[in-house]
Amino acid sequence: MAKHYEDEYDEDDYRPRKKSSSRSGSKSSGRRSSGSGKKSSGKKSSGKSTSKKKQAKKQRRRIIIFIVEIIILVIAVVVLYGVMKGTGSGKVELNDEKIIINDTVEQAQETTMKGYRNIALFGVDSTSGALTKNTRSDTIMIASINQDTGECKLVSIYRDTYLNLSNDSYNKCNAAYAKGGPEQAINMLNMNLDMNITDFVTVGFAGLADTIDALGGVYIDVDDSEISHLNNYQLCIAEDLKRSYTPVAETGYQLLDGLQATGYCRIRYTAGDDFKRAERQREVLSAVADQAKKASLPQLTSTADAVFNEVYTSLDLAEIVDMLGNVGTYYISDTAGFPQESNRATGTIGSKGSCVIPLSLEDNVKWLHEFLFDAKDYEPSETVKKCSQKIYDDTNGYLNK
């Protein structure tokens, strides 16, 4: 059985086991925005109200089409195993009144962020099936969608990043989900990063291997430092799922099946540590996107239907399935990690343990908005500036000068 975190703030990871001889069977600041951040598209007509309605309908279709891909793709970045039958699976209605959106973002939704839809993707750390809260978000991503072009960018928020948990308590950011579920985790992202996220997808492990297998596997380049870890993780996963598995026998660019790809996502103990692992997650996500574009409509519909029962989300399945036919119009153009490499450090911050520290949260947020929205002169909100100063005050004394 997979190791369980006894302390929700503990940094320790599931470590690979040695391979056996036989295969295993087995709201402090900010406020809610009045805008949605959606952008009308298409040329203006003669000014009739019906034209606006058509534009709004068309825009919603674009969003739903991409959501289909997100539902499928997010499975590929879930690096957790053990969540077999989530008790909180399916659709959930968030209380919009409790979602924090910083004041500056309300203005940006009509300028630099106009026309973009941002969705939070969570992979939770649970061996008991809990998807709602009391479980850490081991994987945290933001998918930012340009609704006019279909371009999507993915950003991993490193799980140990020292941030405001949205209640003026500072700790590793993955603690937000454990404390308050997706609502608090979304508020954590919005408050620290000047985002306007109102939708999320949380995924358990059960559908991961099957989804990748249903799409025909994914093509990944496995190197010498990764192959033994990949197979060790496969063994752990196979034991938890009571399945057999096929070891990866050689390095190089190759087709990985579901268990193999999941094992690849779990690799942490190579150069780059957790930063490299987050990069692998985005790599697999992009590879699954490539496979999803090749899949038939019946194949995608069946996959989405199966996956939906194993997720916890604010999105609606009926709308998703209705729009599956145009999933291929969206594409992932770029991926990155936050905080950016040139503006982060690692250090043990007292009882909080080993953390990833944004040396300047304010500057990291400027970079993030340029990366996602091409906002070259973005000015972070007062909330971000306040959080940035607090992070500096809390961590500066622990860092090597």
Side-chain angles (χ1 to χ4, degrees), residues 5-15 28-30 79 102 104 125 136-142 155-179 184-185 187-195 225 267-282 335-372 378-401:
Y5 288 101
E6 296 181 357
D7 180 347
E8 66 188 4
Y9 301 125
D10 191 4
E11 181 197 26
D12 226 1
D13 190 17
Y14 295 106
R15 291 187 177 268
S28 57
S29 57
V79 295
N102 298 336
T104 300
D125 189 355
R136 305 191 325 167
S137 49
D138 192 64
T139 298
I140 306 171
M141 282 194 188
I142 296 171
V155 176
S156 299
I157 312 302
Y158 299 117
R159 62 179 188 169
D160 292 335
T161 305
Y162 190 83
L163 294 173
N164 189 332
L165 300 186
S166 81
N167 56 4
D168 284 341
S169 166
Y170 287 75
N171 211 312
K172 297 179 182 182
C173 65
N174 66 351
Y177 200 105
K179 290 295 187 180
Q184 186 170 343
N187 283 340
M188 176 273 295
L189 293 172
N190 286 348
M191 178 180 285
N192 289 276
L193 309 183
D194 271 354
M195 297 299 292
S225 68
I267 298 172
R268 182 181 182 183
Y269 303 104
T270 63
D273 301 318
D274 207 38
F275 301 115
K276 182 63 177 178
R277 178 168 71 168
E279 182 180 321
R280 291 188 185 98
Q281 294 168 15
R282 300 193 301 271
T335 71
F338 183 98
Q340 65 174 147
E341 185 174 5
S342 63
N343 200 344
R344 71 181 184 229
T346 58
T348 300
I349 311 303
S351 62
K352 309 293 175 62
S354 180
C355 297
V356 177
I357 302 158
L359 296 177
S360 168
L361 179 64
E362 184 177 348
D363 289 343
N364 270 291
V365 169
K366 290 179 180 179
W367 164 81
L368 179 67
H369 280 250
E370 181 173 357
F371 176 77
L372 293 179
Y378 182 75
E379 182 65 21
S381 67
E382 290 303 315
T383 299
V384 167
K385 293 177 181 178
K386 179 181 176 181
C387 293
S388 185
Q389 185 62 49
K390 173 64 173 173
I391 291 169
Y392 176 83
D393 292 342
D394 285 358
T395 63
N396 186 54
Y398 292 95
L399 300 179
N400 294 325
K401 300 295 187 290

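When a residue number appears, it is its place in the shown sequence, counting from 1.
- Inter-residue side-chain proximity for Tyr170 and Cys387 is flagged as met; some heavy-atom pair is nearer than 4.5 Å.
- For the pair Glu370 (side chain) and Tyr378 (backbone), a donor-acceptor distance under 3.5 Å is absent.
- Within the 4.5 Å cutoff, the side chain of Asn164 has no heavy atoms near those of the Leu361 side chain.
- Between Ile140 and Cys173, the shortest heavy-atom contact is CD1-SG, 3.8 Å.
- Residues Thr270 and Ser225 share a closest heavy-atom pair of CG2-O, 3.4 Å.
- Arg159 and Lys172 make their closest contact through O-CB, 3.9 Å (heavy atoms, listed as atom of the first residue, atom of the second, distance).
- Smallest separation of non-hydrogen atoms from Leu165 and Ala176: CD2-N, 4.1 Å.
- By the 4.5 Å heavy-atom criterion applied to side chains, Asn343 and Ser360 are counted as neighbours.
- In this structure, Asp160 and Ser354 have side chains that are not in contact, with every pair of non-hydrogen atoms separated by 4.5 Å or more.
- Note that the CG atom of Leu359 and the CD atom of Gln340 stand 10.0 Å from one another [nearest 0.5 Å].
- Using a 4.5 Å heavy-atom threshold, the side chains of Val356 and Phe275 count as touching.
- The two residues Trp367 and Phe338 come nearest to each other via the heavy atoms CZ3-CD1, 3.8 Å.
- Looking only at side-chain heavy atoms (C-beta outward), Ile157 and Leu193 come within less than 4.5 Å of each other.
- Shown here for Glu362 and Val384, the closest heavy-atom pair between the two residues is CA-CG1, 4.1 Å.
- Side-chain contact between Met195 and Leu372 is present, with heavy atoms from C-beta onward closer than 4.5 Å.
- Between Arg344 and Pro358, every side-chain heavy-atom pair lies at or beyond the 4.5 Å cut-off.
- With rounding to the nearest 0.5 angstrom, the NE2 atom of His369 is 11.5 Å from the CD atom of Glu379.
- Interatomic distance, Glu279 CD to Thr335 OG1, rounded to the nearest 0.5 Å: 7.0 Å.
- Side-chain atoms of Ser166 do not come within 3.5 Å of backbone N or O of Asn187 as any donor-acceptor pair.
- A donor-acceptor pair under 3.5 Å links the side-chain atoms of Asn192 to the main chain of Met188, judged by distance alone.
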Just do the side chain to side chain contact (heavy atoms under 4.5 Å, CB included) check on Arg280 and Arg268 with the steps written out, would you?
CA-CA 9 Å; Arg280 291 188 185 98; Arg268 182 181 182 183; 6.0 Å; no

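- Residues that satisfy the side chain to side chain contact (heavy atoms under 4.5 Å, CB included) test with Ile349, not counting sequence neighbours, are Tyr162, Lys352, Cys355, Ile357, Thr395, Tyr398.
- Side-chain atoms of Asn102 and Asp194 form a donor-acceptor pair, as typed in the model, at a separation below 3.5 Å.
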